[in-house]
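Each chain gets a letter, A, B and so on, in the order its sequence line appears, and its residues count up from 1.
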Number of protein chains: 2
Amino acid sequence: MLSLTEENYLKAIYHLSDGGTKSVLTNELAEAMSTKAASVTDMIKKLSVKEVITYEKYYGVNVTTAGKTKALHVIRKHRLWETFLVQTLGFNWDEVHEVAEELEHIHSIRLIDKLDEFLGFPKADPHGDPIPDGKGKISTRPQVSLDQLGEGYQGIIIAVKDSDSNLLKYLDKIGAKPGRKIKVAGKEEYDESMEVHIGDKKFFISKEVSKNILVTQ
Amino acid sequence: MLSLTEENYLKAIYHLSDGGTKSVLTNELAEAMSTKAASVTDMIKKLSVKEVITYEKYYGVNVTTAGKTKALHVIRKHRLWETFLVQTLGFNWDEVHEVAEELEHIHSIRLIDKLDEFLGFPKADPHGDPIPDGKGKISTRPQVSLDQLGEGYQGIIIAVKDSDSNLLKYLDKIGAKPGRKIKVAGKEEYDESMEVHIGDKKFFISKEVSKNILVTQ
DNA sequence: TATAATATTTAGACTAATCTAAAAAATAAT
DNA sequence: ATTATTTTTTAGATTAGTCTAAATATTATA
Ligand SMILES: [Mn+2]
Ligand SMILES: [Mn+2]
Ligand SMILES: [Mn+2]
Ligand SMILES: [Mn+2]
């Protein structure tokens, strides 16, 4: 079984590897975990002994199939808890990530399956991120971050990044929620800021913001 | 702030001291924590530096006022989570203690207050144990364990011990739930077993069982 | 291709929580 | 009042996770 710390490393590796599709370097993992490269080296040795990652000295790590399953289980718990906090307890969507970071490490499988059932088997969490099922199956829709698109684009917001509380407060203010229609009315070459239409309202958003909005293609 | 382990020690000390009314010895704490006396000595030094207990070498530990407050906050979380698991998620009362042992260490105060509100500010958990309020105030009713009483006693079950899953399954079978009327119809001197009437049914229970049933005086 | 810059790993040290074995204090028994 | 027994504490090790500083490997630059 993985410790809480190991679970957090594995989750970070899973995310940084884009779901296990590319390898992750020591320094980016250190950055993501707010720790030092030396600590990362120690930890990835442990994780490769446990066979949730493979590790080639100096060339980064890759998630194994077993590792993917475990990472997805933690992600499932994280997203179900976030859904519970918003849907059942009335939290705002910018208040749940930190709490879910703790709740995702509670071990009972029965608990998380009952919670899933209680919530009505939700497909996505409050930020639009898909919730893996009990077997670790996750349904991903094709998506792009808004900053990659240009004037004339029209589509639907799929998800937003969930870890920055201030960004979420701002997105809430402009109504940038999953499910909403969004249109790029103009784009400034210089700083890649955009004019977007969300519902019947118009906003100017910086690239810093558009990077964090994921939309349909 | 206390670590998870420190919280568990403090909670055990609080319980063993009967809510801070008497001092706790090293060996009984070791027994309760399933650890060795040497480990306990190390830990109680740490806890006394943090001023949640006082400690006199060779003479045991006592909980401070600050320690009581912290212990009661953990107990509040434990009992609210147990209530949630039974009331909201449909767990049986014998399945919740272990899970609550993990959930009680989630830190968010906002979470537990929202949970309390969602549950309708319950006064007691599924086993009848009182739930402290946000300020650490706990309402205790005068109570005795059933084994202390004799033939002719009549009263109401207040609570049952929550940590033994098999005991709880048995108590469920004979209908020994908090709130139920109970009567001692007879007591055997030799082994202190009893005949009890619960509702309209009659049962013979051993002292091992009657010790774990708390009733009104 | 040799050298400089960057990335990664190793070495050694630290804290928290645990253990076993030995020493010391308190309590019980003669 | 000694001696024996029990309880508690100390000493020294161990593991997980972290750090800094030094060594080594890789990549970029001249
Ligand atoms: Mn999150
Ligand atoms: Mn989320
Ligand atoms: Mn319990
Ligand atoms: Mn309980």
Side-chain angles (χ1 to χ4, degrees), chain A residues 1-17 22-63 67 70-71 74 98 101-102 104-107, chain B residues 1-17 22-63 67 70-71 74 98 101-102 104-107:
Chain A
M1 211 173 68
L2 301 181
S3 71
L4 186 148
T5 311
E6 289 169 335
E7 282 188 346
N8 282 333
Y9 268 93
L10 182 58
K11 191 165 60 112
I13 293 166
Y14 179 86
H15 285 311
L16 289 171
S17 69
K22 61 181 192 189
S23 52
V24 177
L25 302 176
T26 303
N27 269 346
E28 54 176 336
L29 190 48
E31 163 77 20
M33 297 299 295
S34 307
T35 186
K36 297 296 150 79
S39 308
V40 169
T41 302
D42 284 344
M43 182 53 82
I44 61 189
K45 282 179 189 165
K46 283 179 56 188
L47 289 175
S48 64
V49 168
K50 295 199 174 182
E51 298 185 318
V52 290
I53 61 171
T54 55
Y55 163 50
E56 249 200 295
K57 260 191 184 183
Y58 292 99
Y59 288 94
V61 302
N62 285 88
V63 199
K70 292 206 168 152
V74 178
E98 287 305 312
E101 283 295 313
E102 290 190 49
E104 72 189 8
H105 301 291
I106 303 292
H107 287 109
Chain B
M1 210 172 70
L2 301 182
S3 72
L4 186 148
T5 311
E6 289 169 335
E7 282 188 347
N8 282 334
Y9 269 91
L10 181 58
K11 192 165 60 108
I13 293 166
Y14 178 86
H15 285 312
L16 289 171
S17 70
K22 61 181 193 189
S23 51
V24 177
L25 301 176
T26 301
N27 269 347
E28 54 175 336
L29 190 47
E31 164 76 21
M33 297 298 296
S34 307
T35 186
K36 297 294 149 81
S39 308
V40 169
T41 302
D42 283 345
M43 181 54 80
I44 61 189
K45 282 178 189 166
K46 285 180 54 190
L47 290 175
S48 63
V49 168
K50 296 200 174 181
E51 297 184 319
V52 291
I53 60 170
T54 55
Y55 163 50
E56 249 200 297
K57 259 192 183 179
Y58 292 99
Y59 287 95
V61 303
N62 285 88
V63 198
K70 293 203 167 154
V74 177
E98 286 307 310
E101 283 294 313
E102 288 190 50
E104 71 188 8
H105 302 289
I106 304 293
H107 287 107

From C:dT18, D:dT10, C:dT10, nucleotide with atom closest to B:Ser39 side chain
C:dT18
Closest to the A:Lys36 side chain: D:dC19, D:dT10, C:dT8?
D:dC19
Between A:Glu6 (CD) and D:dT15 (C1'), how many Å, whole number?
12 Å
Roughly, in whole Å, what's the span from CG in A:Asp42 to C1' in D:dT15?
13 Å
What is the nucleic acid contact for A:Thr5, judged by heavy atoms within less than 4.0 Å: base, sugar-phosphate only, or nothing?
sugar-phosphate
Between A:Ser39 and A:Thr35, is there a donor-acceptor pair closer than 3.5 Å when you use the side chain of the first and the backbone of the second?
no
How far apart are the closest heavy atoms of B:Glu102 and A:Ile106, and which atoms are they?
OE1-CA, 3.4 Å
Go through D:dC19, C:dT18, C:dT9 for me and flag the one nearest to the A:Thr26 side chain.
C:dT9
Has the side chain of A:Glu7 got a donor or acceptor atom that lies under 3.5 Å from a matching backbone atom of A:Val74?
no
At under 4.0 Å, does any side-chain N or O of B:Tyr9 touch on OP1 or OP2 of C:dT18?
yes
Whole angstroms only, please: what is the CE-C1' distance between B:Met33 and C:dT18?
12 Å
note: A:Met1, atom CE; D:dA16, atom C1'; distance rounded to Å ~ 14 Å
What is the separation between atom NZ on B:Lys45 and atom C1' on D:dA11, rounded to the nearest whole Å?
10 Å
Give every pair of a protein N or O atom and an N or O atom of nucleotides 25-28 of chain D that lie under 3.5 Å apart, one pair per line with the distance.
residue : atom : partner : partner atom : Å
D:dA25  : O4'  : A:Tyr58 : OH           : 3.2

Could you state the atom-to-atom distance from CG of B:Leu47 to C1' of C:dA16 in whole Å?
12 Å
Nearest-Å distance for atom pair CG/C1', residues B:Leu25 and D:dT9
14 Å
Could you tell me whether a side-chain N or O of A:Ser48 sits under 3.5 Å from a main-chain N or O of A:Ile44, the two making a donor and an acceptor?
yes
side-chain hydrogen bond (donor to acceptor under 3.5 Å, both in side chains) partners of A:Asn62, counting only residues at least two apart
none
Donor-acceptor contacts under 3.5 Å from residues 22-32 of chain B side chains, at least two apart:
residue : atom : partner : partner atom : Å
B:Lys22 : NZ   : B:Asp18 : OD2          : 3.4
B:Glu28 : OE2  : B:Leu25 : N            : 2.8

On a heavy-atom basis, which atom in B:Glu6 and which in B:Met1 lie closest, and how many Å separate them?
OE1-O, 4.0 Å
Provide, to the nearest angstrom, the distance between the CD atom belonging to B:Glu56 and the P atom belonging to C:dA26.
10 Å
Among C:dT9, C:dA7, D:dA11, which nucleotide has an atom closest to any side-chain atom of A:Asn27?
C:dA7
Can you figure out which of D:dT18, C:dT8, C:dT18 approaches the side chain of A:Met43 most closely?
D:dT18
Go through D:dT9, D:dT8, C:dT9 for me and flag the one nearest to the A:Tyr55 side chain.
C:dT9
